[in-house]
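Reviewing the structure listed below.
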2 protein chains.
Amino acid sequence: MDREGERSSAARGGERAPSPRRARLTRSRVLDAAVALVDRDGLAALTMRNLATDLGVEPMALYRYASGKQALLDGMVEAFCAEVYEGLGPPAEGAGGTGRDWRAELHRVAEVFHAVADAHPQVVPLVVTRPLDVPLARRPPAMLRLNEHVLALLDRAGLDDHATLRLYRAVGGWVLGYLLVDRRQVVDNPDEPEPLLRLGLHRLPISEYPRLRALARLLADHDPAEELAAGLDALLDGLGDHRTDD
Amino acid sequence: MDREGERSSAARGGERAPSPRRARLTRSRVLDAAVALVDRDGLAALTMRNLATDLGVEPMALYRYASGKQALLDGMVEAFCAEVYEGLGPPAEGAGGTGRDWRAELHRVAEVFHAVADAHPQVVPLVVTRPLDVPLARRPPAMLRLNEHVLALLDRAGLDDHATLRLYRAVGGWVLGYLLVDRRQVVDNPDEPEPLLRLGLHRLPISEYPRLRALARLLADHDPAEELAAGLDALLDGLGDHRTDD
DNA sequence: GGCTGTAAGTATACAACGTACATATCAGAC
DNA sequence: GTCTGATATGTACGTTGTATACTTACAGCC
């Protein structure tokens, strides 16, 4: 799809597999395999060698599609964002400015983002962490397109630039932050039937952490999608009518 | 904390120097050194060997104070949280229930958190990431005490348990999320005088990212503390009076 | 003093990792 | 066929985390 798709020689009638043994390597094949590997075995298991074996290839072959391990990690963020972007489906702004549903669209972006995070929980650390190191203009296109999309939606609110960016940062922060908090491990020993031991609450002295101990068992008992949406609305409402007294 | 001048006992050869006595190692000395190292040289430079040399010690000595590298990273989060907690100063709830300033206290927590993040930017990835892997009950005491403190503050709002936890997650998410978004790299080439090149905007085709390009130069132009506070208020206002129709 | 048990730090060694560099293999244009 | 560039392999090296075994420092007792 992008400028570097695979070369299609399909126009010819004889579609002979390019290689009888294995399909040619591709950047997206490498990245997808990396995500799959991490989904399966965790981030720590992502080594060049493991990834290479998964692809039936020697480790050094990967360096043609990602210039190093760091670049590979960035590539996984790219794959993640691409999945979000595609998950959004048709641009939906379709024919000429359906003016007022920008808020619903924003909610959809947040929803899909969290859904993809659900599909690839182990990739989340990368998604939240890598943009701290790579400057805006060098982020993967998929991520930039997502950003642009959000800005386009906010544009329909008819705010001035500063207010728009204010909301932009708020939306991004909330989506990422809620993702992080909602995904924190609360269960200590999953096989334990007794809730108190399952959560490991015996480690929390009642005298020091009374409320934490009392509420911990309720921590996971909520509707993430609803809460995500409610927070988003709260931010849009509360920050939308900012006083420009600066 | 014990602070003692350390000397490298470089002189060998059978001479017994009168004062080659190094300060004893300590868990907090190790963790502080780790944070200092990362602040100075970045996360990638944090190796057991580098840390050991900084402390004037052999690498294996560290394993008595942190059972491995992962544990060391967790320890740094611990140090971070401790710094936040101490930065809060006196408990301030002082004499018997000063009822209504819980919101102001919450704002202070958020403020201090961000201030500490400012002091140790390179530790932030760990702070947001580690809790995804370590279950609640195994988190460092400093972090738990912070959590307990926030819960205690929210308690004063007089909500039921579900609403309290709702706000609890929202506050945590917002503080972390805004931290992340606000700290994302936007500058590409810091030494470039021309803003367009400094941000690397020439990499963003106008046709594909019109708004991103137009607004990027304003992205860093805002008051983080004010925005953090405003978002916090928006969430507290918008989520405080939820309808319990679940 | 000297002896001794325990904690603190050292010394050595090793498997696994990322990756530089040189080589082999293959698809298509001539 | 041969040539040529892109693609994948093979080998090798320096670093990393850490297991294991050893040495030193010191407290308490005689």
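Letters A, B, ... mirror the listed sequences (proteins, then strands); counts begin at 1. Reckoned from all heavy atoms, side chains included, excluding hydrogens, waters and symmetry mates.
- At least one donor-acceptor pair under 3.5 Å links the side chain of B:E148 to the backbone N or O of A:R211.
- Nucleotide D:dT9 holds its P atom 8 Å from the CG atom of A:L25, rounded to whole Å.
- By the 4.0 Å N-to-carboxylate-O rule, B:R145 lies too far from A:E208 to be salt-bridged with it.
- Put simply, CD on A:E58 is 15 Å from C1' on C:dG18, counting in whole angstrom units.
- Checking C:dA8, C:dA13, D:dT9 against the side-chain heavy atoms of B:R49 singles out C:dA13 as nearest.
- Considering only side-chain atoms of A:Y65, the nucleotide from D:dA8, C:dT19, C:dA11 that sits closest is D:dA8.
- Comparing D:dG17, D:dA8, C:dG18 against the side chain of A:T47 picks out C:dG18 as the nearest.
- Remark: A:D182 pairs with no residue by the salt bridge (charged side-chain N to carboxylate O under 4.0 Å, His left out) rule, at least two apart or across chains.
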Going by atom type alone, with no hydrogens or angles, which donor-acceptor pairs under 3.5 Å involve a side-chain atom of residues 45-52 of chain A and a protein atom two or more places apart or on another chain?
unit_1: A:T47; atom_1: OG1; unit_2: A:R49; atom_2: N; d: 3.4
unit_1: A:T47; atom_1: OG1; unit_2: A:N50; atom_2: N; d: 3.0
unit_1: A:N50; atom_1: ND2; unit_2: A:A45; atom_2: O; d: 2.8

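- Rounded to whole angstrom, the span from the CE atom of B:M48 across to the P atom of C:dT10 amounts to 14 Å.
- In this structure, CG of B:L55 is placed 10 Å from P of C:dG9, rounded to the nearest angstrom.
- Between B:R29 atom CZ and C:dG9 atom C1' the separation is 13 Å, expressed in whole Å.
- Protein atom CZ of B:R24 is 12 Å distant from nucleotide atom P of C:dT10, rounded to whole Å.
- Between the CG atom of A:L72 and the C1' atom of C:dC17 there is a distance of 14 Å, given to the nearest Å.
- We find that CG of B:L51 is positioned 16 Å from C1' of D:dT15, with the value rounded to whole Å.
- Nearest nucleotide to the side chain of A:M60, out of C:dA20, D:dG17, C:dG18: C:dA20.
- For a distance-only test at 3.5 Å, the side chain of A:R64 qualifies as a donor-acceptor partner of the base of D:dA8.
- Nearest nucleotide to the B:Y63 side chain, out of D:dG17, C:dG18, C:dT10: D:dG17.
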Determine, stepwise, if the pair A:F113 / A:Y178 fulfils ring-ring contact (aromatic ring centres under 6.0 Å, His included).
CA-CA 11 Å; A:F113 198 96; A:Y178 190 76; over 10 Å; no
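- Considering only the side chain of A:K69, C:dT19 comes nearest among D:dT9, C:dT19, D:dG17.
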